[in-house]
*Asks:* 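Sharing a structure with you now.
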Amino acid sequence: MANWRELKNRRWVVGVSGGADSMALLAMCLEKQLDVIVAHVNYQKRASANRDMMCVVNFCKAHDVMCHVAYCDPHHQGNFQAYARAYRYDFYRLLADTYSCGGVLVAHQMDDVIETYLMQRKRHATPQYYGIREELILHNILVVRPLLAYTKKDLLKYCEKHAIPYYDDESNFSDDYERNRIRHAVVDTLRLEDKKQMIREIEELNEAKQKQERLLFDAFSKWQMQRSLKDLRAMSETMRLGVLRMFLKTKIDVAKLSGKELQNISDMIMQSTHNWVYELDDTYSLVHNYEILSIEETNCKGYAYTYDAICYEETPYFAICEEGETIERLALAKEDFPITIRNARAGDFIRLRFGTKKVARWFIDRKIPYRQRQLWPVVENAAGNVIFVVGIGCDIAHFTNNSYIFVIK
C-alpha cells in the first residue's frame, strides 16, 4: 500500500515527533496532497520537549493542517518506553476513529530497518519478521511506513532542500541504549551500497520465512483435524515445534512459553507412550490422551448437588429422571439421604458384586477422555460412600430397594 498514489485514497493520521524523519514525512504528504491529520505526543521527559512540540504545531498552522497534541505522564512507573509506545498508538487510534482515517503513517526509514535487523541478529532472535514491516496492524490500528526506501541522509537532505524545520532528539546521541550503540558503531559507517545489500539480505530472509510459514500452516491445518501424536512424531523436529506452537497459540500466549518448555513438550511426545497432562499456565493444560493431543482447562470447576429427597431435574452435568436404561437405575433407601451428585474425584471407588472398582481405573479401561473425566457424575450417600457411577451403575447394596431414580449423564 505504501505508495503515494494508493495513500491518496484515504485520510490518514501522521505521527510527527518534530525530528527530521517525521517532518520530512509530513512535508511529503502535503507535497503529494494527502488528506492528513497530525498527531504529536509530548512525553515531557526532556527540556526540549516543548520546543519539538511547537515546531510541529507551528508548521501545521503555517500549512493549515489539523494538529492534535497529547501529553504523556512523565512519572509513569515501570517500563516507560512500553508505556509511551502503547499511549502513542492508542492516541493514533483515537484520532483515526474520530476522523474516519485509514490508519497512521509513521516515519521509519531504511536505517531503522537495518538497526532492527542487527538487534535481532545480536539477540539470536527468530522474529515473525526480520527488520520492519511496511505495514501491519499494531494496537488495533493499521500502521503504514512509506519511507522505508529512504535513508536517514536522504531525509536530512530533503529537509534541507525544502527548508523543512526539525529538531534532533538529544537522547539519540547517547550510547545508553542498544539501538543507539548499533546505529553509531555500525549503521552510520555503512556505505549506501552496503545498506542496500543488507536490505536485500533481509528481504531474502523474509521470503524464505514466508515460504516456511506456508508449509507450516499447511501441515498444521492437516494435523489439527485428527491431532494424532503419531503424525506429530513423523514430522521433522522443526516442523513439529512449529505445529505445536501454532496449536498452543489457539489457547495461550505462546510468547510466555519458553523455547525450552516447547522442546520439553516435543520430547514428551517423542518418548512417552503413556497418557500425560502438562500444565501450560493457571488456566490450560496440554493433555495426551490415547495418542490424541488436546488443550483442556487446568482448573475445571467441580460441582456438587445435594438432595434430601428424590427430585427429578436436569443440570448442566447430569439429569435425574423417572425412567431410563437398567444401568442408569439407582435404588435408594431412607438412610442414603441426603445424597450428593458430584464430579468424580481422585481416589473414588465403588463396591460391585465382583469386587471393588476404582473409578480412575474404569476411566482408563474405557478410554474416557480427560475433559469428560473431570466432570463425570457419581452419587455419594450420607455415609460418604460412592453408591453409583454413570456408566458403571450402582454398588452391590443398591439393587433391591423400591425407590428408583435414573441418573443420566
*Asks:* Between the side chains of Gln128 and Glu213, is a donor N or O closer than 3.5 angstrom to an acceptor N or O?
*Replies:*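 The criterion, which ignores hydrogens and geometry beyond distance, is not satisfied for Glu213 and Gln128.
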
*Asks:* Quick check for you: to the nearest 0.5 Å, what is the distance between Lys8 atom NZ and Cys29 atom SG?
*Replies:*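 Nearest 0.5 Å value for the NZ-SG distance: 11.5 Å.
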
*Asks:* May I ask you to check whether over 12 heavy atoms, not counting those of Arg51, lie within 6.0 Å of atom CZ?
*Replies:*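 Yes.
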
*Asks:* Looking at Asp267 and Lys260, does any basic side-chain N land under 4.0 Å from a carboxylate oxygen?
*Replies:*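 No salt bridge links Asp267 with Lys260.
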
*Asks:* Kindly check if the number of other-residue, nucleotide or ligand heavy atoms within 6.0 Å of CZ (Phe217) is above 12?
*Replies:*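 No, not enclosed.
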
*Asks:* For Asp97, enumerate each residue passing the side chain to side chain donor-acceptor pair (under 3.5 Å) test, keeping only those at least two apart in sequence or located in another chain.
*Replies:*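 Listed in chain order: nothing, the list is empty.
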
*Asks:* Would you call Asp90 and Arg93 a salt bridge, using N to O less than 4.0 angstrom?
*Replies:*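 Salt bridge between Asp90 and Arg93, a charged N being under 4.0 Å from a carboxylate O: yes.
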
*Asks:* Salt bridge or not between Glu291 and Arg233? Use side-chain N to carboxylate O under 4.0 Å.
*Replies:*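 Result for this pair is yes, salt bridge flagged.
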
*Asks:* In plain terms, say whether Asp169 and Arg46 are close enough for a salt bridge, that is, a side-chain N and a carboxylate O under 4.0 Å apart.
*Replies:*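 Here Asp169 pairs with Arg46 in a salt bridge, since their nearest N and O are under 4.0 Å apart.
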
*Asks:* Do you see a donor-acceptor pair shorter than 3.5 Å between the side chains of Tyr99 and His68?
*Replies:*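 Result is yes, a qualifying pair exists.
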
*Asks:* Got more than 12 heavy atoms from elsewhere within 6.0 Å of OH, Tyr167?
*Replies:*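 For Tyr167, atom OH is not crowded (no more than 12 foreign heavy atoms under 6.0 Å).
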
*Asks:* With distance as the sole criterion, is a donor-acceptor pair present between the side chains of Tyr43 and Gln81 under 3.5 Å?
*Replies:*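 The answer is no; no qualifying pair exists.
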
*Asks:* Check Arg191 with Asp194, please: is the shortest side-chain N to carboxylate O separation under 4.0 Å?
*Replies:*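 So Asp194 pairs with Arg191 through a salt bridge.
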
*Asks:* Are Arg200 and Glu193 ion-paired here, with the side-chain N under 4.0 Å from a carboxylate O?
*Replies:*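 Yes, Arg200 and Glu193 are salt-bridged.
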
*Asks:* Does the side chain of Ser294 come under 3.5 Å of the side chain of Glu296 through a donor N or O and an acceptor N or O?
*Replies:*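 A pair is found: one side chain offers a donor N or O, the other an acceptor, under 3.5 Å apart.
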
*Asks:* Could Lys357 and Phe349 be counted as a cation-pi pair, given that NZ or CZ must be under 6.0 Å from the ring centre and within 45° of the axis?
*Replies:*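 Relative to the ring axis of Phe349, which defines the angle, Lys357 lies outside at least one limit.
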
*Asks:* Is the ring centre of Trp223 less than 6.0 Å from the ring centre of Phe247?
*Replies:*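 Centroid distance Trp223-Phe247: below 6.0 Å, so yes.
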
*Asks:* Is the gap between the ring centers of Phe80 and His75 under 6.0 Å?
*Replies:*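 No, they do not, as the ring centres are separated by 6.0 Å or more.
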
*Asks:* More than 12 non-hydrogen atoms from neighbouring residues, nucleotides or ligands closer than 6.0 Å to CZ on Arg5, yes or no?
*Replies:*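 At most 12 heavy atoms, drawn from other residues, nucleotides or ligands, come within 6.0 Å of this atom.
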
*Asks:* Please check if any side-chain donor atom of Tyr117 sits under 3.5 Å from a side-chain acceptor atom of Glu201, or the reverse.
*Replies:*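 Yes, because at least one side-chain N or O of Tyr117 sits under 3.5 Å from a partner of the opposite role on Glu201.
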
*Asks:* Side chains of Leu142 and Tyr92, heavy atoms from C-beta outward: is any pair under 4.5 Å?
*Replies:*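 They are not in side-chain contact.
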
*Asks:* Does one side chain, of His398 or Asp395, offer a donor that lies under 3.5 Å from an acceptor on the other?
*Replies:*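 There is such a pair between these side chains.
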
*Asks:* Count the heavy atoms of every other residue, nucleotide or ligand shown that sit under 6.0 Å from CG of Asp253, and state whether that count exceeds 12.
*Replies:*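 Yes - once you tally the heavy atoms of other residues, nucleotides and ligands closer than 6.0 Å, there are more than 12.
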
*Asks:* Side chain to side chain contact (heavy atoms under 4.5 Å, CB included) for Val143 and Ile137? Distances and angles first, verdict last.
*Replies:* CA-CA 6 Å; Val143 179; Ile137 302 295; over 6 Å; no

*Asks:* For Tyr307 and Glu313, test the side chains for any donor-to-acceptor distance below 3.5 angstrom and give the result as yes or no.
*Replies:*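 Checked: Tyr307/Glu313 side chains pair up, N/O donor to acceptor below 3.5 Å.
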
*Asks:* Report the C-alpha separation of Arg10 and Asp35 in whole Å, then their side-chain angles, then the decisive distance to 0.1 Å, and conclude whether the salt bridge (Lys or Arg N to Asp or Glu O under 4.0 Å) test is met.
*Replies:* CA-CA 7 Å; Arg10 298 292 303 275; Asp35 185 3; over 6 Å; no

*Asks:* Going by the rule salt bridge (Lys or Arg N to Asp or Glu O under 4.0 Å), which residues pair with Lys122 if we only count those two or more places apart in sequence or in a different chain?
*Replies:*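 With sequence neighbours excluded, Lys122 shows a salt bridge (Lys or Arg N to Asp or Glu O under 4.0 Å) to Glu178, given in chain and number order.
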
*Asks:* Return the OH to OG1 distance between Tyr303 and Thr340, rounded to the nearest 0.5 Å.
*Replies:*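 The distance works out to 12.0 Å.
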
*Asks:* Is the shortest distance from a Lys or Arg side-chain nitrogen in Arg214 or Asp218 to a carboxylate oxygen in the other one below 4.0 Å?
*Replies:*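 The answer is no: the pair does not qualify as a salt bridge.
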
*Asks:* Is any NZ, NE, NH1 or NH2 atom of the basic residue among Glu134 and Arg145 found under 4.0 Å from an Asp or Glu carboxylate oxygen of the other?
*Replies:*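 Salt bridge: no.
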
*Asks:* Within a 6.0 Å radius of atom CD on Gln44, are there more than 12 heavy atoms belonging to other residues, nucleotides or ligands?
*Replies:*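 Count over threshold, so yes.
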
*Asks:* Could you check whether Asn206 and Gln210, counting side-chain N and O atoms only, form a donor-acceptor pair closer than 3.5 Å?
*Replies:*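 The criterion, which ignores hydrogens and geometry beyond distance, is not satisfied for Asn206 and Gln210.
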
*Asks:* Does the pair Asp111/Lys195 count as a salt bridge with the N-to-O cut at 4.0 Å?
*Replies:*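 A salt bridge is present here (some side-chain N lies under 4.0 Å from a carboxylate O).
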
*Asks:* Would you indicate whether Gln33, at its atom CD, is surrounded by more than 12 heavy atoms from other residues, nucleotides or ligands within a distance under 6.0 Å?
*Replies:*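 Counting neighbours around CD of Gln33, 12 or fewer heavy atoms of other residues, nucleotides or ligands fall under 6.0 Å, so no.
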
*Asks:* Sequence neighbours left out, what passes side chain to side chain donor-acceptor pair (under 3.5 Å) with Glu323? Give chain and number order.
*Replies:*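 Listed in chain order: nothing, the list is empty.
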
